[in-house]
Each structure stands twice: as structure tokens, then as C-alpha cells.
Amino acid sequence: MPLILLIDDQEGILTANSEYLVEMGMEVECADTGLKALDRLRSKRYDCVVLDVLLPDIDGFSICKAARTITDAPILFLSCMEETDDKVRGLMAGGDDYMCKPYSLKEFGARVQALMRRSGIVGSESTHANYHVDTEKRIIYALGKGAVLSEREFVLFELLRAHPEKPFSTEELLEKIWQGNAEANVVSTLVSRLRRKIEFAEDSVGRIASAYGEGYCLLPPKH
């Protein structure tokens with residue numbers, strides 16, 4: 001599981017980014033100052049670093065330069081400083097990408113994945129004992145067959161797969177998949193469509209179960 005370090009002094013941004021990456025199947029650690037970030041980088045190997053520029057003690061450009069003496073992990077700047085000179089400075093300091101605030105979590109997650117993929121940390125396919133998933137084409141392969149998922153079906157599948165046996169309520173799924181901008185009945189419709197599409201792979205992937213009063217979860221395959 002990829003390990004990501006988020007460096008930002010805004011708690012709300014750390015929480016939102018952390019929750020989104022965890023839903024994508026990543027492990028996340030956070031630091032709200034430059035000194036804490038450098039301490040973490042010295043003590044552990046990370047697969048990607050997400051770095052703000054404006055921090056209370058050390059600016060992000062200086063942190064990036066220092067980090068490059070410690071790690072070769074891809075570094076994504078995430079900053080409200082949007083001038084071209086700021087972006088160039090970040091890349092010249094050793095950053096691999098620069099993203100401006102405000103931003104969409106969907107694009108943020110995609111950029112983190114793209115950076116790790118280019119660095120050879122993760123591939124576009126994740127392979128398991130009896131099945132594999134093409135995350136770019138949103139295809140699940142098992143038992144010599146394949147199923148192509150829609151974008152929302154794939155988000156739901158990856159969410160359930162990242163948290164096996166953990167039930168997600170209708171309200172939680174509405175918020176995570178539609179950002180709360182949909183009616184409750186769309187959840188059951190989406191779950192039903194995903195169930196039908198991956199039914200052929202239940203012996204490999206698992207089965208989507210409904211827990212009365214709790215929501216939906218992915219149960220592991222029976223062996």
C-alpha cells in the first residue's frame with residue numbers, strides 16, 4: 001500500500017486530502033510544519049510527498065530542497081501561490097508537479113497516482129491472487145473474463161475494496177461519490193449495477209452485501 005506524506009498547516013485541507021487518498025487505497029501521514037515534515041522524511045520512506053509552500057516555520061521551497069537530500073519520492077506542490085514564477089521555483093527546487101488551490105479532490109488524487117506511476121511505484125494495474133484491476137481503463141479481470149465499470153461504479157468498487165467488510169451507509173456513499181448532490185435512491189441503483197457487473201468474479205473479488213441499518217460492504221470471497 002503506497003505511503004503518502006501530506007504537509008500543510010491547514011487542518012481542513014489535511015483532513016480532506018487524507019480521507020480521499022485513504023479511500024483510494026493509500027496510507028497517509030500528515031505534518032503541519034516544515035520541521036515535523038523533515039523529521040518524518042528522515043525516519044521513514046514515503047512513496048509521494050504533497051507539499052504546501054506557505055508554512056509557519058520553513059517555506060515549502062526550502063523543504064523541497066532539503067527533502068531532495070533525503071528522498072527521491074515524487075513531490076507535488078499544492079499551493080495558493082499561482083504565479084508562473086512560483087511554479088517554476090517549485091519545480092527548480094526539486095518538485096515534480098505543481099497544483100494550485102482551490103482544486104478538485106478528483107484531480108488531486110489522479111495527480112498523486114500519476115506521479116507514483118511515472119516513478120514506478122504503482123502501475124496502472126493492480127494484480128491480486130485471482131484477479132487484477134486496470135485502474136486507467138476501469139476494467140476488472142477474473143476467470144478469463146472482464147467487466148468495464150463506469151466512473152462512479154469504479155469509485156464505489158475501489159472504496160469498498162479498500163475497506164473490506166466495513167459497511168458504508170447510504171449517506172456516506174452519497175457524500176463520497178456524489179458530494180451530497182444526489183437523491184438517496186441513486187446509491188441502491190449504483191450498488192445493483194456494480195453487483196451485476198462483478199457477479200462473475202465473486203469467487204475472486206468478493207461479494208457486495210447489504211447490512212440492514214448499516215449500509216453496504218464488500219465481503220471477502222469464500223474459500
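Taking CG from Asp8 and CG from Leu54, the interatomic distance works out to 9.5 Å, rounded to the nearest 0.5 Å. To the nearest 0.5 angstrom, Cys217 atom SG is 10.5 Å from Lys166 atom NZ. Between atom CE of residue Met81 and atom CG of residue Asp52 there is a gap of 9.5 Å, rounded to the nearest 0.5 Å.
Within the 4.5 Å cutoff, no side-chain heavy atoms of Leu6 are placed close to those of Leu78. Side chains of Gln10 and Cys80 form no contact here, defined as non-hydrogen atoms less than 4.5 Å apart.
In this structure, His132 and Tyr141 have parallel ring planes: the angle between them is below the 30° cut-off, well short of the 60° mark.
Under the 4.0 Å criterion applied to side-chain N and carboxylate O atoms, Arg45 and Asp72 are assigned as salt-bridge partners. One finds a salt bridge joining Arg161 and Glu158 here, because a Lys/Arg side-chain nitrogen approaches an Asp/Glu carboxylate oxygen to under 4.0 Å. Using a cut-off of 4.0 Å between Lys/Arg side-chain N and Asp/Glu carboxylate O, Asp57 and Lys36 are scored as not salt-bridged. Ion pair Asp96/Arg68 flagged as a salt bridge, since at least one NZ, NE, NH1 or NH2 atom sits closer than 4.0 Å to an Asp/Glu carboxylate oxygen. For Asp86 and Arg89, the salt-bridge test fails: no basic side-chain N is under 4.0 Å from an acidic carboxylate O.
In this structure, the ring pair (Phe, Tyr, Trp, His ring centres under 6.0 Å) partners of Phe61, at least two apart in sequence or on a different chain, are Phe77.
For Gln179, the CD atom is densely surrounded, since the number of other residues' heavy atoms within 6.0 Å is greater than 12.
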### Task
Go through the steps for Arg195 and Glu199 under the test salt bridge (Lys or Arg N to Asp or Glu O under 4.0 Å), then give the verdict.
CA-CA 6 Å; Arg195 272 180 176 150; Glu199 186 176 12; over 6 Å; no
